[in-house]
Amino acid sequence: DITDEDILSEFQKLEVKEQEKVLSLATIPEDDPSKKVLSLFQRRNINNSKCKGGQALYFVLSRVKHSCGPNIILSPVSGKGFGKIEIRACRDIKKGEELRADYLPG
């Protein structure tokens, strides 16, 4: 399992510009960056068996909302580098329609 310390340690390894990108994902009114990062990871992480602890935070994919009736499927890609995710449509998607994925395992 991933601990809060693991999350904050990885966040601190990022360059300042990358940290700012991550913090821009957060929608909660919080001044403490550590609390913001932990809240963000808890609310926006995506399951990925190729990553430590089986979860990851992606700058673009983490903006995709959950739905029990998704229109896309997120799948780990093997052989294309650590932590890569493939996005596939699971039904026709209309122009302008919001992309939604089922985050729940199984």
Side-chain angles (χ1 to χ4, degrees):
D1 286 343
I2 299 174
T3 66
D4 289 354
E5 291 78 23
D6 292 333
I7 295 166
L8 294 174
S9 172
E10 291 301 316
F11 177 74
Q12 292 300 324
K13 292 177 187 176
L14 297 173
E15 294 180 21
V16 173
K17 279 185 158 184
E18 295 300 311
Q19 288 182 5
E20 289 170 355
K21 277 185 176 180
V22 169
L23 291 173
S24 75
L25 288 171
T27 57
I28 61 166
E30 177 61 61
D31 291 332
D32 181 350
S34 295
K35 288 182 182 177
K36 208 172 215 179
V37 168
L38 293 174
S39 173
L40 179 61
F41 191 83
Q42 291 166 354
R43 296 174 61 232
R44 300 266 183 160
N45 73 72
I46 293 176
N47 293 325
N48 184 343
S49 59
K50 303 252 181 235
C51 294
K52 179 182 177 182
Q55 299 173 321
L57 187 64
Y58 295 87
F59 184 67
V60 174
L61 287 179
S62 294
R63 294 174 188 254
V64 173
K65 293 185 180 165
H66 168 77
S67 174
C68 290
N71 55 14
I72 61 171
I73 297 171
L74 307 176
S75 306
V77 177
S78 58
K80 292 202 175 181
F82 178 77
K84 300 284 183 182
I85 294 280
E86 176 180 75
I87 302 171
R88 291 180 287 136
C90 57
R91 64 170 176 79
D92 289 340
I93 301 171
K94 296 177 185 170
K95 184 177 179 177
E97 182 179 353
E98 185 173 46
L99 300 179
R100 293 184 173 267
D102 186 354
Y103 291 166
L104 304 177

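Side chains included, hydrogens not; waters and symmetry mates left out as well; all remaining heavy atoms used. Residue numbers count from 1 along this sequence.
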Residues in side-chain contact (heavy atoms from CB on, under 4.5 Å) with [X], at least two apart?
X   : result
Q12 : Q19
D32 : E30, S34, K35
K13 : S9, E10
L99 : N71, I72, I93

Legend entry - R100 (side chain) donor-acceptor with H66 (main chain) under 3.5 angstrom: yes
Inset, instruction - For R91, enumerate each residue passing the side chain to side chain donor-acceptor pair (under 3.5 Å) test, keeping only those at least two apart in sequence or located in another chain. - result: E97
Inset, instruction - For D4, enumerate each residue passing the side chain to side chain donor-acceptor pair (under 3.5 Å) test, keeping only those at least two apart in sequence or located in another chain. - result: none
Inset, instruction - Please check if atom CD in E98 has more than 12 non-hydrogen atoms from other residues, nucleotides or ligands closer than 6.0 Å. - result: yes
Inset, instruction - Of all the heavy-atom pairs spanning C90 and P70, show the shortest one and how long it is. - result: SG-O, 3.4 Å
Legend entry - Distance-minimising heavy-atom pair for P33 and L23: O-CD2, 4.0 Å
